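Keep in mind it's a predicted model, so treat the numbers as computed, not measured. Quick note on labels: first sequence line is chain A, next is B, and so on, each numbered from 1.
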Amino acid sequence: MVRITLPDNSVREFEATTTTGAEVAASIGAGLAKAAVAIEVNGVAQDLSEPIADNAKVNIATAKTELGLDTLRHTLAAQVLALAVKELFPAAKLAIGPTIDTGCYYDIEFPTALSSDDLPKLEERMRDIIKTGRAVVRELWEPEQLITHFEATGDSYKSLIIAEAVEKGQTIGGKVSAYRQIGSSVAGKEFIDLCRGPHAPSLDKITLAFTLTNLAGAYWKGDSQNQQLTRIYCVAFASQKELDAYLTMREEAEKRDHRKLGRELELFHLQEEAPGQPFWHPKGWSIFLELEAYIRQNLRRYNYREVNTPKLVSKGLYEQSGHWQNYREDLFLTCDDVMQPIVEPAAHEKAQATTLGSMAKGIDSLGIYSLKPMNCPCHVQVFRQGTKSYRDLPLRMSEFGMCMRNEAHGALHGLLRVTSLTQDDAHIFCTPEQMESEIIALCNLIDEVYEPLGFKDYSVKLATRPEKRVGDDSLWDAAEKALADACAKIGIPLTLAPGDGAFYGPKLEYHLKDAIGRTWQCGTVQVDFNLPIRMGALYTNEAGERVPCVMIHRAILGTLERFIGILIEQYEGKFPTWLAPVQAMVIPITDAQNDYAEQVRQTLMDAPITTATGGLRVEVDTASERMQKKILFAQQKKIPYMLVVGKKEAEDGTVAIRLRDGTDLGAKPLAWLLDRLKTEVLTRADTPTTSAQAA
RNA sequence: GCUGCUGUAGCUCAGUGGUAGAGCGCGUCAUUGGUAAUGACGAGGUCGGCAGUUCAAUCCUGCCCAGCAGCACCA
């Protein structure tokens, strides 16, 4: 007899000791039996066909549950998409087909390139396969036999996975599970897929709404040294409604793409002569300046001192720091004259073309310089001027330094990944004893900076020692512990990112989510015991000894370029007044009010309101258009305040105020408006709303 | 860097082996309008770059550059 506890804590008894999930579901009701796709037994997912242990707590999964949806997506990938590919492209080699939070994908090696034109055909075949409603049965195989099977079908990647599972001891009593689709046929054999499961017991359970969206390249096991496979993405949801909602969401996300808005709002542009380097237009640059000022104001509260250091620095400094050894490929190198031949042209003919530009790296005899890829080595040089004692620490050195990185070409992406980047960078030189309180202060500062910008939800990862690193492991132990302890102390939940640390130290990574749900690393806090030793950042301790300090590398916004890109998407271009490139647009109703409109603009521009650009940013729309059109235009430019001036306002010395969201505040004296703008700008209020009307 | 795709007017895009089109935007003129698009006319393109095939290339082929969707990378 088997006793089974249901989610409502009721207990049912079954005679047979081999009672399965399917039987439990059937005992509850025919509807549930039909909808069931898998079952959770004591928190572990298993097939409906497997027997359930005595005294188990179970939860039956349907398309409406997380596990059920995941199981159906999994079956869709492994039994439907995979089979469709095998039927249409017999020579294709299946690799892996996991689920993701919007559906699933399958990585496959194709002998000839698949094109996106093939997707509709594949999708149609998938629907045909589902219509057969064939049963999918779990089987346990001897690893060698299953490998033999996959060698015969050409799916050598499956063999590799089996071999690895055996090696790692991830087997079920020495066997591996596979799923057979009863009645299917590929090259005369029933289709079998290696899988841990669970799977839906039959294809007619797959009631998902799905569509194949796109193709992409992806490396086998995520390693760029390996074979590149073709990844087929499939979005799949429990209902057509959810699928439509997801597709609509993607379209909406496209509308707030910072590259599109950046052009429409005249913030910046990119062109091929300067890949990855934004040309900032006046309106975009004003955002840049405001953010910089915002950060400066915050740093002041935490006693930072700002510096500025050279852009073009000899490679020697980077050899000392270790960046040369780790990032040489990504440095922009130059010397006094790259076109000057290195070898005497007369020596031999080929030498004519042999310039530094062509021979480039590894030539020590010439003074080779690198555009600085980061600020830390330069900051150490500032620190080293003069003798420092423990009384000088902690020393917090900040810089908005522009760095250049020759990023992999495929990595560039609008403002989110650029070649020339401006970090809100700083290095804290401190003693080991000060380290923890400095990290805690930093975590607080970061939160205080993010919060007013609307980023309340972010995740923090602890990136630990990578394989390629410098320094003793004992130092790494201490550094990783310092970060973990500090976070524990102030209650920041951490997830681990093993091996993702910098070559000189572990780091906390702050990840923010953008409008399309992609996450971007922005803030970072890195504890470094190694560069101070390598580069001689020493201080005299209380005992009079010269010892290396601890260096904490940190950035809050990360790079201003990336952060502005994220902000554009976050706000959909509707910046709060303090950040808005144009804060108010004066709209004269007829030409007769142009002079008054200009007076209004001048009054606002001259108002004693401090902004990063020296005062309020106001424009006048004197186009020979109807007022309605000018309002529409200002709205399209997402300008927070529209100040309509007609004959009446000109006579009364007022402006008729209309907000970006359509709210009409009516005619108000200029002094009233100035008061309101001043409050809004100085407090960096989120956005102009009617609720602020009391101001 | 890798896989697939794209590059035609300021923007969005159509099109053809015989040197190009639309809508919006832009300019001029008329209109002087009270809170989401006034009308007429006009200008604007080495069809990403370099080679090749051809009597002829924006179109076909190759190479390069840039961009897009991912992957890898991200000090």
Side-chain angles (χ1 to χ4, degrees), chain A residues 105 107 109-110 113-118 213-233 257 259-260 263-264 266 269-276 318 321-327 329-331 372-377 403 405-414 416-418 421 423 425 463 466 468 500-505 507 509 518 520-521 524 526 528 531 553 555 558-559 562 587-594 623-636 642 644-649 656-659 662-664 666-667:
Chain A
Y105 65 79
D107 285 352
E109 184 186 325
F110 287 91
L114 194 69
S115 111
S116 49
D117 298 341
D118 296 320
T213 50
N214 58 308
L215 293 174
Y219 298 104
W220 167 241
K221 296 177 104 178
D223 187 338
S224 61
Q225 300 298 308
N226 289 341
Q227 171 75 29
Q228 186 157 33
L229 310 170
T230 302
R231 177 170 295 179
I232 303 173
Y233 279 95
D257 188 309
R259 294 164 296 188
K260 182 176 142 70
R263 188 171 52 235
E264 288 172 1
E266 304 169 88
H269 86 271
L270 293 157
Q271 65 183 54
E272 60 179 303
E273 286 82 355
Y318 299 112
S321 70
H323 287 93
W324 178 265
Q325 295 82 337
N326 281 275
Y327 292 104
E329 292 299 319
D330 299 329
L331 301 179
K372 74 169 163 186
M374 89 309 291
N375 300 309
C376 25
C403 298
R405 297 179 184 178
N406 195 3
E407 302 280 9
H409 290 151
L412 299 179
H413 180 95
L416 299 184
R417 192 73 184 271
V418 289
L421 46 110
Q423 291 172 304
D425 200 10
K468 199 176 174 189
D500 278 356
F503 72 87
Y504 49 73
K507 58 184 179 183
E509 297 176 348
R518 293 173 298 197
W520 297 95
Q521 187 196 319
T524 181
Q526 307 169 358
D528 177 9
L531 286 195
H553 309 237
T559 77
R562 165 183 293 185
I587 300 175
I589 292 177
T590 75
D591 292 354
Q593 288 87 45
N594 281 358
S624 167
E625 293 288 351
R626 296 175 59 218
M627 175 199 58
Q628 285 86 339
K629 181 139 185 185
K630 294 184 191 178
I631 285 174
L632 178 68
F633 178 77
Q635 203 146 345
Q636 282 169 346
M642 290 165 229
V644 179
V645 294
K647 196 174 166 200
K648 223 169 58 202
E649 287 79 10
I657 305 172
R658 187 194 148 103
L659 301 183
T663 309
D664 188 355

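- Distance from the side chain of A/R259 is smallest for B/C68 among the nucleotides B/C68, B/G33, B/A37.
- Within 4.0 Å of A/A656, counting heavy atoms only, lies at least one base atom of the nucleic acid.
- When distances run from any side-chain atom of A/Y219 to the nucleotides B/A69, B/C71, B/U35, the shortest one goes to B/C71.
- With hydrogens and angles ignored, no donor-acceptor pair closer than 3.5 Å exists between the side chain of A/D664 and the base of B/U35.
- For B/A69, one of the phosphate oxygens OP1 or OP2 lies less than 4.0 angstrom from a side-chain nitrogen or oxygen of A/H413.
- Residue contacts for A/S224: at a heavy-atom cut-off of 4.0 Å it reaches the sugar-phosphate backbone alone, with no base atom in range.
- Regarding contacts with the backbone of B/G67, every side-chain N or O of A/R417 stays at 4.0 angstrom or more from both OP1 and OP2.
- Ring geometry for A/F503 versus A/Y327: interplanar angle of 30 to 60°, hence tilted.
- In this structure, the nucleotide among B/G33, B/C11, B/A75 sitting nearest to the side chain of A/D330 is B/A75.
- Using cut-offs of 30° and 60° on the angle between ring planes, the pair A/Y233 and A/Y105 is tilted.
- No engagement by A/G322 is indicated, since no non-hydrogen atom pair under 4.0 Å with the nucleic acid exists.
- Evaluation of A/Y327 against the base of B/A75 yields a stacking contact (centre distance < 5.5 Å, interplanar angle < 30°).
- Separating the CD atom of A/E264 from the P atom of B/C11 is a distance of 12 Å, rounded to the nearest angstrom.
- Among the atoms of the strands shown, base atoms are found under 4.0 Å from some heavy atom of A/A408.
- The A/N214 side chain lies nearest to B/A69 when the options are B/A69, B/A37, B/A75.
- The phosphate of B/C73 (OP1 or OP2) has no side-chain N or O of A/R405 nearer than 4.0 angstrom.
- Within the nucleic acid shown, A/E649 comes within 4.0 Å of at least one base atom, counting heavy atoms only.
- Residue A/E625 is classed as a base contact, given a heavy-atom separation below 4.0 Å to a base.
- Residue A/S624 places a side-chain atom within donor-acceptor reach of the base of B/U31, judged by atom type and a 3.5 Å distance cut-off alone.
- Following rounding to the nearest Å, A/E273 (CD) and B/G49 (C1') show an atom-to-atom distance of 11 Å.
- Residue A/R231 places none of its side-chain N or O atoms closer than 4.0 Å to OP1 or OP2 of B/G70.
- Residue A/F503 is out of contact with every strand shown, counting any heavy-atom pair closer than 4.0 Å.
- Computed from coordinates, the A/R626 CZ to B/G34 C1' distance equals 10 Å when rounded to whole Å.
- Side chain A/E272 to base B/G7: no donor-acceptor pair is found below 3.5 Å.
- Note on A/R263: a side-chain N or O is less than 4.0 Å away from OP1 or OP2 of B/U12.
- Using a 4.0 Å heavy-atom criterion, one finds that A/I587 contacts no nucleic acid atom at all.
- When the nucleotides B/G34, B/G67, B/A36 are ranked by their closest atom to the side chain of A/R658, B/A36 comes out on top.
- Taking atom C1' on both B/G17 and B/C47, the two are 14 Å apart, rounded to the nearest angstrom.
- The phosphate of B/G33 has neither OP1 nor OP2 within less than 4.0 Å of any side-chain N or O from A/K630.
- If you take atom P in B/A22 and the same atom in B/A14, they sit 16 Å apart, rounded to whole Å.
- Within the 4.0 angstrom heavy-atom criterion, base atoms lie near A/A411.
- Across all strands shown, A/K221 has no heavy atoms under 4.0 Å from either base or sugar-phosphate atoms.
- The pair A/D223-A/K221 does not meet the salt-bridge criterion, since no charged nitrogen lies less than 4.0 angstrom from a carboxylate oxygen.
- Side-chain nitrogen and oxygen atoms of A/K260 include none within less than 4.0 Å of the OP1 or OP2 phosphate oxygen of B/C68.
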